[in-house]
Amino acid sequence: MALYTNFQLNNVMKILATVQNKGGVGKTTICRLLCEYLCRKNKRVLGIDLDSQCNFSRRFLTMEIDNTDLDGVLPPIHPDFDEKEDSDWDGRSSSADIFYSGQAMPYPTRIKGLEIMPGNGTLLRAVELVRADDVKEKVHDRLHAFLCNEDVQSLYDVVIIDTSPSKGPLTISAMRAATHIIIPTTMEPQTIEGLHGMLQLWRRETKRRRRGEELKIIGILPNMFRKGVALHDGLYHTLANDPGIVDLLMPNKLGLRIAFAESDHPMSEPKSVFDLAEKDPARIEAEIVCEHILEKIFS
Amino acid sequence: MSGKQKRFLGMPLSAEIAKTIREGQEDGGEINVESIPLGRIDVDEENPRRTGFSANNIGDPNAVIGDNANLGLIWEGLQNLAASIKSVGVQQPIKVYRHGDRFRIAFGERRFLASLIAGKTMIPAWILQEKPRYLRNIQYIENMQREDLTAWERILNIQGIINEFKLSGTEEMTVTLLTDISGMSKSRASHYLSIINGPDEVKELIRTGTINNIEKGGYLSRLKNETMRSKAIQMLKEGKDIKFIDKALQEKKVQNSDHTSNPTKLGRPRTRINLGHTANSNLLRIIMTSISVNDFILPSNDSLEWNDLEVVAELWKNFIVALEREIKQKRNL
């Protein structure tokens, strides 16, 4: 397995991970928006869900629930599955398979150009709980090895990885595989603390890279921002006025808007924020942020 | 709660965050300690003091050792190290550099081999992005730290460093350079270089173990006069120390030397005189007021801050320039 030699291929396929070990700050939302936006810009996109809660998968696939297990979220039967032909396959494929067998089969979605590698709650949870050093090391490298595969490289322009709110092996594997990361952050103390944790992880990861292949931070994305709220304004002001931080602070914010949550609902119409009226503030904000990210990744 | 608007400026962590960002950006692709699988590490075949063991032959040590007593000792040492690694692990990370998709050992071959013997699968390692410059040198230097080397083996080590420098470019080995790269003291570095560049006679004495001391070797090598050197060697063999020998030789030298000859002067010829240093600006004031110089006007006491040494120093400089100019003009008249 050529783990460290194929990085040059990544110059072609971009791999973007959203990371933040504080939960509920908008990792999944920004992943979802990016998947939709990049497809609209004619990019071939693969979304990978590494969170055992599988919320990202649910945005594009109808996941099944295994009630006997707290983490029991299963991908649906793959549309290409043929019981007669594939006797040694149970018909489901998830991002966890990348860590178990090194092989996985992405699912097509309703969006043209977008394929999804959904999570499998139970299996991802098991990977996340790995403790033995040598196994952990394998987990760290596995996603990178999978994405270095020439077939994968030839099929997609961008890979978007959603991670769980943790600093565990799966998040590290996402960072190791990534060419770029985004750290969504709400302007609240717990999240800023989480931001620091992620930056420490990033520092460690980028140090182990070869020169010229450093892990790039697209930025700290202020999310769920409420203008006029003293805490939000104050913390944003602090970050924006710190010369050591401001360069990594993304120039635009995502506000706290119900439209983002609404579009997650299966009954919502339109299905995408980008299909809202042109002047809808949620759509405008999302477009500005996504365009900025697109430019950063492909610059 | 008062009606005042609440303000939340600052965040205890923001300094830490900025520091983390800076470190990540500055040292990107630099160096890092990781736990890496032993299976992806190879020994460096060019290490000057390779043990002779590797992952391939460690399972059959007797084939490697044969009747080489030295290798037998190394094997014994590895066993001891392995026992310690088994109980407390590898305490000090080894250093490796990338070689294709594998790693090669820069330092820590013994820790690596002992970990294999101990049945470990992982080892903590500093990952260097590339083969370190002067790797051989560093390995030689690391070997120098070992205590079981003879004086002659140490000299060979230094010779190795010098050869590496000759191969790698134009840099000439000097005492300063050797001090810089090896961390040894200047006097030690100077002894080594004296021996290496000195007469074969002395080297032979060290090689055979007649002299097993770098200071003595260095001293002898610096004696250019052959008669004096053989006298010194004779005295050394009689068990006299350097201090005694040096004194004896100096006395001889004084007796033989020509007293009328000029003592040799070292350094460049003196071209200027330093006027000295003082923290007492009053001294300068007295000098400047007592010598009148045409182009130099001393400001009145009130208008000058005599306690400000910067100001007085600048004034003094102008004074000297003006004084020099005037003397020159007078001489020309």
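Keep in mind the model is a prediction, meaning the values are calculated, not measured. So you know, we letter chains A, B, ... as the sequences are listed, proteins then strands, and number each from 1.
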K.L.:
Does a sphere of radius 6.0 Å around CD in A/Gln190 hold more than 12 heavy atoms from other residues, nucleotides or ligands, not counting ones at 6.0 Å or beyond?
P.N.:
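Atom CD in A/Gln190 is not crowded, with 12 or fewer foreign heavy atoms closer than 6.0 Å.
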K.L.:
Between B/Ile17 and chain A, which part of the residue has a heavy atom less than 4.5 Å away: side chain, backbone, both or neither?
P.N.:
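Both backbone and side chain.
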K.L.:
State the CZ-CD1 distance between A/Arg208 and B/Ile127, to the nearest 0.5 angstrom.
P.N.:
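It comes to 5.0 Å.
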K.L.:
Can you tell me which portion of A/His237 sits under 4.5 Å from chain B's heavy atoms? Options are side chain, backbone, both or neither.
P.N.:
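Contact with chain B is through the side chain of A/His237 alone.
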K.L.:
What are the two closest non-hydrogen atoms of A/Ile245 and B/Ser14, and how far apart are they?
P.N.:
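For A/Ile245 versus B/Ser14, the nearest heavy atoms are CD1-O, 3.5 Å.
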K.L.:
To the closest 0.5 Å, what do you measure between CD1 (B/Ile21) and CG (A/Leu248)?
P.N.:
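Here the interatomic distance stands at 4.5 Å.
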K.L.:
Side chain, backbone, both or neither: which part of A/Leu195 has a non-hydrogen atom closer than 4.5 Å to chain B?
P.N.:
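Side chain of A/Leu195 only, per the 4.5 Å heavy-atom cut-off to chain B.
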K.L.:
Answer yes or no: are there more than 12 heavy-atom neighbours, outside B/His99 itself, under 6.0 Å from its atom NE2?
P.N.:
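No.
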K.L.:
To the nearest 0.5 angstrom, please state how far the NZ atom of B/Lys19 sits from the CZ atom of A/Arg203.
P.N.:
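Output value for this atom pair is 6.5 Å.
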K.L.:
Rounded to the nearest 0.5 Å, how far does NE2 of A/His196 lie from OG1 of B/Thr20?
P.N.:
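Reported value, rounded in 0.5 Å steps: 3.0 Å.
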K.L.:
Check whether B/Thr121 gets within reach of chain A through its side chain, its backbone, both or neither, counting any heavy atom under 4.5 Å.
P.N.:
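When you check distances to chain A, only side chain atoms of B/Thr121 fall under 4.5 Å.
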K.L.:
Starting at CE of B/Met122, measure out to NZ of A/Lys136 and round the result to the nearest 0.5 Å.
P.N.:
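It is 9.5 Å, given to the nearest 0.5 Å.
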